[in-house]
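Inspection log for the structure reproduced underneath, given as structure tokens.
Counting starts at 1 for both ligands and their atoms, in listed order.
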Amino acid sequence: MVLTKQQNYWQNLAKQFAESEVKPKVNEMEKQGEFPLFFMKKLGELGILGIGFPEKYGGQNADSFSFILAVKEISKVWASLGLSIGAHLLGTNPIYFAGTEEQKKHYLIPLVRGEMLGAFGLTEPSSGSDAASSRTSAVSVNGSYLLNGRKVFTTSASYASTFVVSALTSREKGKKGISAFILERNYPGLMIAKKEEKLGLRASDTSGLILDGCQVPKENLLGLEGDGFRVFLQTLDAGRLGIAGWALGIAEAAFEQMLDWAKKNEVDSGLMDEHEWEAGMIAEAATKLEAALLLAQEACRVKDTGQFYIKEASMAKYFASTLAVEVCDAALKIIGCSALTNDLPVERYFRDAKLGEIGEGTSEIQKLVIAREVLKTSGRLVPA
Ligand SMILES: Cc1cc2nc3c(=O)[nH]c(=O)nc-3n(C[C@H](O)[C@H](O)[C@H](O)COP(=O)(O)OP(=O)(O)OC[C@H]3O[C@@H](n4cnc5c(N)ncnc54)[C@H](O)[C@@H]3O)c2cc1C
């Protein structure tokens, strides 16, 4: 794939950082479940967290694909760090999309520079795929909002300085009653709930939020009352592109392990000629990796022209996250039993890759979104 000078710059910077500074620490930190806070700060200093933001907000004014390439390179080395970047952006983008200049000055600039860590609380115990069924409430009382409810699976919650969360300011209005709020970690009534022990991504923190009469100043309403659902959908479109880059990183890493092993053990000995199925797997993975990158590039192109890119983002996320699981599976088959041990990182890639098919909208939900958009543009469905 031909990249621009800017895209090459960000890809190389991220790769160099990941290879030289992150890689030596990955095994130990992942084993201990140690959150990569230090690296997140470093990514802020390097400008990587701010790649897609305007200079006026502390960003680098670069294109969206530069950011995806950087996320890919980092996730290739450490998916837990890549996911922490994704979650930080979920907690940053809504402020960029809907914040006042005052909110941008106060929160967005330090988030873009990595001086603050952001998190995003949309998922609730009874509201995952159907974000519109949120139950957390926000009631306006004497110049503040009082928030009550629970958020679950909030990435980086134990370490975040700010949280963008959804809450209903009007239950009767359904999704048009959902509003967005910026919460600071030390607000009264905000507590961090239990940290989840996960299949993979063990160094990425996944905790919950308890909002028990959490007092939020009126100025921390993000956008207008009832505008939250729209802001969250816009945030998720950008987030899905991030997950596409993240999944591509894992897929590339597993692919390289599989190639290394095949070259060392089978190509020279001629065994590869006998194992046609292995050659088939390599060819299929190589082709799909190229296709996944092109889908992500196209989604970024559409995004940067300012058009809606819902379909493109869902396609990129769906294809790349399915591929990551597929390539990890192929690497396990080709390498065999060594890939099941932690002598090789393939077993970690395999455990980590699964999240891509669930987080930020499951693959089933992506397919619903894609089908709806395709039918809409072909005129066979009247939009709801
Ligand atoms: C590691 C991790 C990190 C996360 N980080 C965050 C975060 O930072 N912030 C946040 O808000 N959330 C976060 N999440 C939550 C994540 O976005 C949700 O898990 C996801 O949206 C799916 O919701 P659910 O798990 O409740 O599944 P459910 O909605 O209960 O779905 C269960 C199954 O039913 C299927 N299904 C549901 N509805 C439909 C439908 N209409 N049509 C067809 N099939 C359907 C789904 O595809 C899935 O297979 C995280 C999750 C994980 C695992």
Side-chain angles (χ1 to χ4, degrees), residues 30 33 35-36 40 75 78-94 111 117-136 147 149-167 175 178 180-183 192-211 222 228-229 231-240 242-243 246-247 250 313-314 317-318 321-322 324-325 348 351-372 384:
E30 185 67 18
F35 185 76
M40 286 300 289
S75 308
W78 198 13
S80 285
L81 181 58
L83 191 67
S84 307
I85 300 174
H88 177 74
L89 267 289
L90 287 177
T92 303
N93 271 328
L111 284 164
L117 183 73
F120 177 72
L122 185 62
T123 306
E124 299 183 6
S126 58
S127 159
S129 298
D130 181 12
S133 63
S134 165
R135 290 193 181 164
T136 298
L147 269 61
R150 279 191 62 197
K151 300 290 172 182
V152 291
F153 289 95
T154 314
T155 301
S156 308
S158 310
Y159 301 88
S161 347
T162 56
F163 304 86
V164 172
V165 304
S166 59
K175 64 183 173 193
I178 295 178
F181 295 88
I182 308 169
L183 275 52
I192 308 299
K194 143 179 171 295
K195 177 177 171 337
E196 304 293 345
E197 299 293 330
K198 306 186 296 295
L199 169 72
L201 300 161
R202 291 176 182 162
S204 158
D205 176 72
T206 314
S207 303
L209 298 179
I210 299 169
L211 303 169
L222 191 52
F229 199 67
V231 175
F232 292 128
L233 289 186
Q234 199 182 354
T235 302
L236 287 173
D237 286 340
R240 284 169 185 168
I243 291 283
W246 174 87
I250 300 178
S314 284
K317 194 249 181 197
Y318 165 60
S321 54
T322 308
V325 175
R348 167 164 61 86
R351 288 185 286 105
D352 291 349
K354 247 358 238 181
L355 175 271
E357 295 183 323
I358 298 172
E360 295 194 38
T362 64
S363 292
E364 289 71 31
I365 297 298
Q366 302 312 320
K367 285 194 246 180
L368 284 179
V369 171
I370 296 164
R372 194 187 59 210

query = Which ligand 1 atoms does Lys198 reach within 4.0 Å, using its non-hydrogen atoms?
reply = 1 (C)
ask   = Judged by atom type as modelled, is there a donor-acceptor pair below 3.5 Å linking the side chain of Glu30 to the main-chain atoms of Arg202?
value = yes
inquiry  = Under the criterion side-chain contact (heavy atoms from CB on, under 4.5 Å), I'd like the reasoning laid out for Tyr318 against Val369: C-alpha separation, chi angles, the key distance, then a yes or no.
reply    = CA-CA 10 Å; Tyr318 165 60; Val369 171; over 6 Å; no
query = Nearest to atom 6 (C) of ligand 1, what protein heavy atom do you find, and at what distance?
reply = Phe153 O, 2.6 Å
query = Can you find an N/O atom of Thr362 closer than 3.5 Å to an N/O atom of ligand 1?
reply = yes
request  = Going by heavy-atom distance to atom 20 (C) of ligand 1, choose the closest among Leu90, Leu209, Ile358.
outcome  = Ile358
request  = Could you tell me whether Thr123 and ligand 1 have an N or O pair separated by under 3.5 Å?
outcome  = yes
request  = Note the single closest protein heavy atom to atom 24 (P) of ligand 1, along with its residue, its atom name and the distance in Å.
outcome  = Gly128 CA, 4.0 Å
inquiry  = I'd like to know whether Glu196 forms a salt bridge (Lys or Arg N to Asp or Glu O under 4.0 Å) with Lys194, so could you lay out the CA-CA distance, the side-chain angles of the two residues, the decisive distance to 0.1 Å, and finally the verdict.
reply    = CA-CA 6 Å; Glu196 304 293 345; Lys194 143 179 171 295; 3.0 Å; yes
inquiry  = One residue to check: Ile365. Relative to ligand 1, which of side chain, backbone, both or neither has a non-hydrogen atom less than 4.0 Å away?
reply    = side chain
message = Checking the side chain of Lys151 only, and the main-chain atoms of Ser166 only, is there a donor and an acceptor separated by less than 3.5 Å?
response = yes
message = In the complex you have, is atom 9 (N) of ligand 1 within reach of the protein, judged by whether a heavy-atom distance drops under 4.0 Å?
response = yes
ask   = Which of the numbered atoms in ligand 1 are below 4.0 angstrom from a heavy atom of Glu364?
value = 44 (N), 47 (O), 49 (O)
request  = Output yes when a protein non-hydrogen atom is found under 4.0 Å of atom 30 (O) of ligand 1, and no otherwise.
outcome  = no
inquiry  = If the contact criterion is a heavy-atom separation under 4.0 Å, does Leu368 count as touching ligand 1?
reply    = yes
Proximal ligand 1 atoms for Thr155, defined as those under 4.0 Å from one of its heavy atoms = 3 (C), 4 (C), 5 (N), 6 (C), 7 (C), 8 (O)
message = Is it true that Lys198 and Thr206 share a donor-acceptor pair across their side chains at a distance under 3.5 Å?
response = yes
ask   = Is the Tyr159 ring parallel, tilted or perpendicular to the Phe35 ring (thresholds 30°, 60°)?
value = parallel
inquiry  = Is atom 53 (C) of ligand 1 near the protein, in the sense that some protein heavy atom lies at less than 4.0 Å from it?
reply    = yes
ask   = Where do Ile243 and Leu83 land on the side-chain contact (heavy atoms from CB on, under 4.5 Å) test, with the steps shown first?
value = CA-CA 8 Å; Ile243 291 283; Leu83 191 67; 4.1 Å; yes
ask   = Which of the atoms of ligand 1 are close to Glu360, meaning less than 4.0 Å from one of its heavy atoms?
value = 17 (O)
request  = Check if Leu355 has a non-hydrogen atom at a distance under 4.0 Å from any atom of ligand 1.
outcome  = yes
message = Using a 4.0 Å heavy-atom cut-off, which part of Ser129 comes near ligand 1: side chain, backbone, both, or neither?
response = both
query = Would a distance-only check, ignoring hydrogens and angles, find a side-chain to backbone donor-acceptor pair under 3.5 Å from Lys317 to Gly361?
reply = yes
Side-chain donor or acceptor of His88 paired with backbone N/O of Gly118 under 3.5 Å = yes
query = Applying a 4.0 Å heavy-atom criterion (strictly less than), which segment of Leu122 is in contact with ligand 1: side chain, backbone, both, or neither?
reply = both
task = Could you tell me whether the side chain of Arg351 and the main chain of Leu199 form a donor-acceptor pair under 3.5 Å?
result = yes
ask   = Does a donor on one side chain and an acceptor on the other come within less than 3.5 Å for Ser134 and Glu124?
value = yes
